[in-house]
Number of protein chains: 2
Amino acid sequence: MPQKISRLADFLPYLLSVTSNAVSGRIADEYALRFGLKIPEWRVMAVLGDAGSRTQRDLVGATLMDKVAVNRACKVLEDRGLATRSPNARDGRSHHLELTEHGRTMHGQIMPLALEMEELLFAALDADERAQFKVLLGRLRAHVRTMGGNEHGTDDGMEEFGA
Amino acid sequence: MPQKISRLADFLPYLLSVTSNAVSGRIADEYALRFGLKIPEWRVMAVLGDAGSRTQRDLVGATLMDKVAVNRACKVLEDRGLATRSPNARDGRSHHLELTEHGRTMHGQIMPLALEMEELLFAALDADERAQFKVLLGRLRAHVRTMGGNEHGTDDGMEEFGA
DNA sequence: TCAAGGTAGTCTCTAATGCAACCAAATCAC
DNA sequence: GTGATTTGGTTGCATTAGAGACTACCTTGA
């Protein structure tokens with residue numbers, strides 16, 4: 001019998017962090033193995049494949065990643081022929097990014113794997129629990145964002161990227 | 001009205017990661033500001049203050065951090081006079097780490113702040129929801145750990161460090 | 001039309017994180 | 001005991017993430 005129970009183990013932020021790392025780690029491994037993609041690259045592909053042509057700025061808003069991270073991910077995707085940039089007629093500073101045919105094909109494989117991974121990782125939770133979990137995460141994130149110095153500049157939602 | 005809803009935003013691992021980062025970031029800021037401590041250092045202090053004298057190996061098990069991270073955190077704590085190492089009679093390779101008086105004093109300030117932060121960050125969730133959230137995180141983590149290649153070597157629990 | 005200020009994207013430098021190789025002490029095999 | 005293997009701890013290296021500066025371009029307001 002344990003002599004002492006750690007209060008660390010009861011500390012929600014700790015539990016959250018450890019769990020998140022475990023989940024992310026597993027996914028990162030899987031994507032690296034199967035597609036040679038890192039998480040940032042994968043996220044960008046997910047958004048592009050789903051939403052079509054976007055600027056880097058849009059991608060920052062959609063993925064909540066740093067603009068540098070987005071930039072690097074885009075560059076990798078472009079170098080690998082998974083995405084292309086075309087000039088933005090409206091704004092000479094930015095480009096539109098879009099998946100290539102190759103990118104689209106890969107996206108077609110990637111999304112099912114994502115869902116499969118989600119299924120596998122969250123198998124310990126039934127449908128209701130997952131829904132509940134998602135709601136709690138959403139509320140938590142929204143709340144944390146409102147409090148304190150808003151962290152990383154661009155702080156608009158990720159919920160929509162309507163045209 | 002949004003034209004399209006991102007599937008990324010519905011992807012649980014993504015939501016988990018983003019939320020966890022937001023929470024961790026806020027806490028990290030707070031501890032850096034008030035005590036000049038980083039998360040790994042804080043975790044080690046939390047365990048030492050709570051459990052008394054431990055070896056680095058124990059700390060790895062208790063914090064689920066890399067042994068290198070633990071080592072570095074310990075070194076910082078020692079350099080700052082918050083913890084001391086004393087030889088381990090049983091094993092010449094390792095030392096016992098323990099908070100100094102100074103460290104203990106700081107620990108006395110740190111833990112209330114931790115609880116305060118938890119309260120503040122999780123204000124968006126009521127008591128039941130927090131309990132539920134904790135249960136779900138626990139199940140999730142336990143499940144993820146069982147699947148796939150067990151990641152980072154040492155994989156014993158964090159739930160007990162009995163004598 | 002021109003200056004002033006703001007924004008998208010890029011580059012660079014530094015800090016943080018994790019891994020692999022390593023050393024020293026302990027344990028095991030004989 | 002002596003050599004081989006394991007384990008706690010440490011160091012160094014490679015990878016990653018983030019802050020800041022910088023360029024090119026846009027927008028506004030005179």
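Proteins come first, then strands; the chains are lettered A, B, ... in the order of their sequence lines, and each starts at number 1.
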Apply side chain to side chain contact (heavy atoms under 4.5 Å, CB included) to B/D128 and list each qualifying residue two or more places apart in sequence or on a separate chain. B/D126

Rounding to a whole Å, what distance do you find between [X]:[atom1] and [N]:[atom2]?
X	N	atom1	atom2	result
A/D66	D/dG18	CG	C1'	6 Å
B/D29	C/dA16	CG	P	13 Å
A/R57	C/dG9	CZ	P	9 Å
B/M65	D/dG9	CE	C1'	15 Å
A/D58	C/dT7	CG	P	15 Å
A/R85	C/dA8	CZ	C1'	11 Å
B/K38	C/dA16	NZ	C1'	7 Å
A/L97	C/dG9	CG	C1'	11 Å

Under 3.5 Å side-chain donor-acceptor pair for [X] and [Y]:
X	Y	answer
B/R43	A/S17	yes
B/R93	B/Q56	no
A/T55	A/D58	yes

Check the orientation of A/F133 and B/F133. Use parallel for under 30°, tilted for 30 to 60°, and perpendicular for over 60°. parallel

Anything under 3.5 Å between a protein N or O and an N or O of nucleotides 21-27 of chain D, put it in a table, one pair a line.
residue : atom : partner : partner atom : Å
D/dC26  : OP1  : A/G92   : N            : 2.7

Taking only side-chain nitrogens and oxygens of B/H96, does any of them come within less than 4.0 Å of OP1 or OP2 of D/dG9? no

Using the 3.5 Å cut-off, write out each protein N or O paired with an N or O of nucleotides 11-14 of chain C and the distance between them.
residue : atom : partner : partner atom : Å
C/dC11  : OP2  : A/K75   : NZ           : 2.8

Rounded to the nearest 0.5 Å, what separation is found between the CG atom of B/L97 and the CZ atom of B/R54? 11.5 Å

Report the C-alpha distance between B/E30 and B/R34 in whole Å, list the side-chain angles of each, state the deciding distance to 0.1 Å, and finish with yes or no for salt bridge (charged side-chain N to carboxylate O under 4.0 Å, His left out). CA-CA 6 Å; B/E30 199 66 20; B/R34 302 230 202 161; 3.0 Å; yes

Under 3.5 Å, side chain of A/K134 to main-chain N/O of B/D10, donor-acceptor pair present? yes

Decide if the gap between the ring center of A/F11 and the ring center of B/W42 is smaller than 6.0 angstrom. yes

Using heavy atoms to find the nearest nucleotide of DNA chain D for B/Q56 and A/P40 separately, return the residue whose nucleotide is more 5′. B/Q56

